[in-house]
Amino acid sequence: MVTAQVPPPRDGHDRTGPGGAEFSAQRPVWRAPDDDALAGLDFATVTVPVDHARPRGPTLDLALARHRARSPGQRRGVLLVGPDDPGNRGTLLVPDLVRSLPGEVLDSYDLVGFDHRFSGLSEPLTCGLSPEQWLWIFHSQQDFDAEVEFQRGVVERCFQEAADVLPHVTSRNIARDMEVIRAALGEERISYLGYSYGSYLGAVWTQMSGEHADRVVLDSVIDPDSVWRPMFLGYAASCETALGNWARWAAERHGELGLGATGQRVRTAVDRLVERADRSPVPVAGIPVDGTMLRLFTMVLLSMDRAWGVLADILRAAAHGGEASPSSLRTLGEMFGRGKEESAAVAQLAVLCGDAAWPRDLDVYRRGLAGHSERFRFIGPAMAGPKAGAFWPLPPREPVTVFGADNRAESHLLVQSAEDMFTPAHGAVRLRGQLPRTARLVTVAGSAHHRVFPFQGDPGVNEVATEYLLTGKLPDTDVTLTGRPSTPEERRTDSGGQRGSRS
């Protein structure tokens with residue numbers, strides 16, 4: 001058997017395989033969930049090996065949540081739902097989708113979400129990190145040497161507690177777990193729906209085991225060439241663009257918001273507010289918030305143009321010492337109310353640091369800071385500065401997956417908002433180019449919305465994606481749709497199904 005340390009073949013196909021036959025032969029035992037957030041769904045676990053190359057070694061149990069097809073006579077299979085960020089719970093996407101998917105999809109598919117290895121309800125890891133360390137990605141950098149020690153300390157703490165399993169928390173191993181889930185569900189082929197990181201995970205799975213993929217929808221597509229430090233640097237640029245667009249929008253409402261009559265003045269007001277928060281926490285929705293959290297709030301709300309009004313109201317209240325509206329507070333609570341768990345931060349750390357090598361030379365980060373601090377001042381210093389990956393003590397166990405025309409999946413439908421901040425549209429274009437035979441790209445022009453189908457509610461997108469899931473028919477060519485304009489009320493209140501998932 002090929003060990004996990006041996007590089008995968010150039011075609012990216014899996015030679016290690018998903019554990020042993022005993023894992024494929026298991027069948028989940030469904031029961032009512034203990035977690036209130038999964039009420040009304042079925043819950044079960046599936047056992048996988050910690051190291052797929054050594055299936056007789058330690059194991060762990062993965063948590064599954066299922067919503068059964070509403071019309072058994074029309075059931076066509078399983079639609080597996082992946083996590084939308086490393087460490088995030090895929091099981092929690094199932095109730096969101098039950099509320100939002102077209103009825104024909106709910107009639108036809110068992111929706112099955114999973115919490116990936118060592119996260120959520122799948123034997124989560126904790127390492128005694130502080131809440132500040134949980135937010136290592138967006139940590140505000142005040143001093144280069146101090147940031148080096150902060151990021152190094154996060155890694156050292158986690159390896160003190162979980163050195164035996166952290167190297168096995170990788171995207172390729174999660175894809176192998178998906179194969180165990182598929183087999184355990186008794187399905188020769190399954191369909192898949194993945195958002196953001198889930199889009200990358202789905203692409204990895206189809207490159208490794210595409211012969212078992214039925215219909216694959218990848219939404220808000222991560223650039224396959226951005227794993228993972230380039231993605232961080234890309235955030236700085238895309239956030240600056242989104243913030244500039246929002247600032248011009250807010251300037252048009254200066255009489256209501258009082259943040260500035262021009263886009264530049266609004267940007268200045270926001271920069272001053274963040275600088276205040278860096279020095280001492282400022283009240284946001286009645287909660288003291290430091291600069292790191294204020295940047296995170298802002299980025300998540302920028303990721304949906306329908307939430308721009310909420311962002312404006314929150315920043316207006318913070319800047320002027322007033323109260324945000326009840327609808328804004330409600331939206332903020334829906335998006336961030338569950339908070340972040342330490343296990344999510346640890347699993348996120350393992351995937352983002354273990355999938356691909358980070359530069360070890362600290363001068364690389366110094367040069368990055370010099371370029372990003374001025375050009376992308378809102379989040380650039382945090383994104384370009386030293387990160388935990390620079391101090392990861394082990395090299396990647398496998399090279400990054402290479403996508404290509406030899407992908408054995410029959411089809412992929414890529415769905416993308418043209419102005420998505422977290423996953424810029426060029427990433428979907430690039431993956432489309434790497435899957436020329438099997439993929440079609442649906443782009444929503446003039447839209448900034450992270451996680452499009454079905455949460456944006458765009459009828460054109462929903463029609464194309466639903467037809468594909470029901471019939472397997474892709475559009476004949478790539479499609480560009482004009483997004484449905486959001487109403488003023490939606491811009492004030494709609495959270496669009498989005499969660500604070502990038503923390």
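- With a 4.5 Å cut-off on side-chain heavy atoms, His212 and Ile190 do not count as touching.
- Between Trp30 and Phe43, the closest side-chain pair of non-hydrogen atoms is not below 4.5 Å.
- Dense packing is recorded around CZ of Arg360, with more than 12 heavy atoms of other residues, nucleotides or ligands lying under 6.0 Å away.
- In terms of modelled atom types and a separation under 3.5 Å, the side chain of Asp355 and the main chain of Ser171 share a donor-acceptor contact.
- Inter-residue side-chain proximity for Trp308 and Leu302 is flagged as met; some heavy-atom pair is nearer than 4.5 Å.
- In terms of modelled atom types and a separation under 3.5 Å, the side chain of Arg215 and the main chain of Leu469 share a donor-acceptor contact.
- The distance from atom CZ of Arg152 to atom NZ of Lys387, rounded to the nearest 0.5 Å, is 14.5 Å.
- In Arg68, the CZ atom is not crowded: 12 or fewer heavy atoms of neighbouring residues, nucleotides or ligands sit closer than 6.0 Å.
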- Could you check Val351 against Ile174 for side chain to side chain contact (heavy atoms under 4.5 Å, CB included), going step by step and ending with a plain yes or no? CA-CA 10 Å; Val351 170; Ile174 296 169; 4.3 Å; yes
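- Not a single donor-acceptor pair under 3.5 Å links the side chain of Ser343 to the backbone N or O of Pro124.
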- Message: Working note: Val48 + Thr59, criterion side chain to side chain contact (heavy atoms under 4.5 Å, CB included); need CA distance, chi angles, decisive distance, verdict.
- Response: CA-CA 6 Å; Val48 299; Thr59 63; over 6 Å; no
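- Looking at Ser122 and Asp115, their side chains never bring a donor and an acceptor atom within 3.5 Å of each other.
- Under a 4.0 Å N-O distance rule, the pair Glu211/Arg408 qualifies as a salt bridge.
- Pairing each heavy atom of Tyr192 with each of Val81, the nearest pair is CE1-C, 4.5 Å.
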- Task: Show your reasoning for whether side chain to side chain contact (heavy atoms under 4.5 Å, CB included) applies to Val94 and Arg66.
- Result: CA-CA 7 Å; Val94 176; Arg66 179 182 69 176; over 6 Å; no
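- In this structure a side-chain-to-backbone donor-acceptor pair under 3.5 Å is missing from Arg430 to Ala425.
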- Message: Is there a side chain to side chain contact (heavy atoms under 4.5 Å, CB included) between Leu294 and Val284? Walk through the geometry before answering.
- Response: CA-CA 8 Å; Leu294 185 55; Val284 174; 4.1 Å; yes
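- The pair Asp278-Arg295 meets the salt-bridge criterion, since a charged nitrogen lies less than 4.0 angstrom from a carboxylate oxygen.
- Of the possible donor and acceptor atoms, one in the side chain of Glu342 sits under 3.5 Å from a partner among the backbone N and O of Gly128.
- Taking every heavy atom of both residues into account, Asp145 and Arg366 meet most closely at OD1-NH2, 4.0 Å.
- Annotation: Tyr235 is not in aromatic contact with Phe376 [ring centroid separation under 6.0 Å not met].
- A salt bridge does not link Arg70 with Asp110: every distance from a Lys NZ or Arg NE/NH1/NH2 to an Asp or Glu carboxylate oxygen is 4.0 Å or more.
- Using a 4.5 Å heavy-atom threshold, the side chains of Leu201 and Met178 count as touching.
- His52 and Asp177 share a donor-acceptor pair across their side chains, judged by distance under 3.5 Å alone.
- Between Pro83 and Asn88 the shortest heavy-atom distance is CB-O, 3.2 Å.
- Counted by atom type alone, His450 and Ser196 present one or more donor-acceptor pairs between their side chains at under 3.5 Å.
- A donor-acceptor contact shorter than 3.5 Å is absent between the side chain of Tyr195 and the backbone of Gly82.
- Contact check for Pro55 versus Phe23: side-chain heavy atoms found under the 4.5 Å cut-off.
- For His116 against Ala347, the heavy-atom pair with the smallest separation is CE1-CB, 3.7 Å.
- There is a side-chain donor-acceptor pair under 3.5 Å between Gln151 and Glu147.
- Defined by atom type and a distance below 3.5 Å, a donor-acceptor pair is present between the side-chain atoms of Asn407 and Thr206.
- Scanning both residues, Ile379 and Ala236, for their nearest heavy atoms gives CG2-CA, 3.5 Å.
- For the pair Trp358/Tyr365, a side-chain contact is recorded, criterion being any heavy-atom separation below 4.5 Å from C-beta on.
- Within the 3.5 Å criterion, the main-chain N or O of Met293 finds a donor-acceptor partner in the side chain of Asp290.
- The side-chain heavy atoms of Asp61 and Val46, taken from C-beta on, include no pair separated by under 4.5 Å.
- Side chain of Ser100 to main chain of Leu97: no donor-acceptor pair is present (N/O by atom type, distance under 3.5 Å, no hydrogens or angles).
- Distance check, rounded to the nearest 0.5 Å: CG of Leu80 to OG of Ser191 gives 9.5 Å.
- Rounding to the nearest 0.5 Å places CG of Leu41 at 11.5 Å from CG of Leu64.
- Atom CG of Leu101 sits about 7.5 Å away from atom CG of Leu79, to the nearest 0.5 Å.
- With rounding to the nearest 0.5 angstrom, the OG atom of Ser238 is 6.5 Å from the CE atom of Met299.
- Judged purely by atom type and a 3.5 angstrom limit, Thr170 uses its side chain to pair as donor or acceptor with the backbone of Asn173.
- Closest approach of Leu38 to Thr91, counting heavy atoms only: CD2-O, 3.5 Å.
- Judged by distance alone, with hydrogens and angles left aside, the side-chain atoms of Glu240 form no donor-acceptor pair with the main-chain N or O of Ala237 at under 3.5 Å.
- A salt bridge does not link Glu179 to Arg176: none of the charged nitrogens lies less than 4.0 Å from a carboxylate oxygen.
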- Should Glu398 and Arg172 be marked as a salt bridge (charged side-chain N to carboxylate O under 4.0 Å, His left out) after you check the CA-CA gap, both sets of side-chain angles, and the distance that decides it? CA-CA 8 Å; Glu398 304 179 78; Arg172 287 181 67 88; 3.0 Å; yes
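- Residues Tyr109 and Val78 are not in side-chain contact: their nearest non-hydrogen atoms beyond the backbone lie 4.5 Å or more apart.
- Classified by interplanar angle (parallel below 30°, tilted 30° to 60°, perpendicular above 60°), the ring pair His139/Phe150 is parallel.
- Ring-plane geometry between Tyr197 and Trp228 is classed as tilted, the angle between the planes lying from 30 to 60 degrees on a 0 to 90 degree scale.
- For the atom pair NE2 of His67 and CZ of Arg99, the computed distance is 11.0 Å after rounding to the nearest 0.5 Å.
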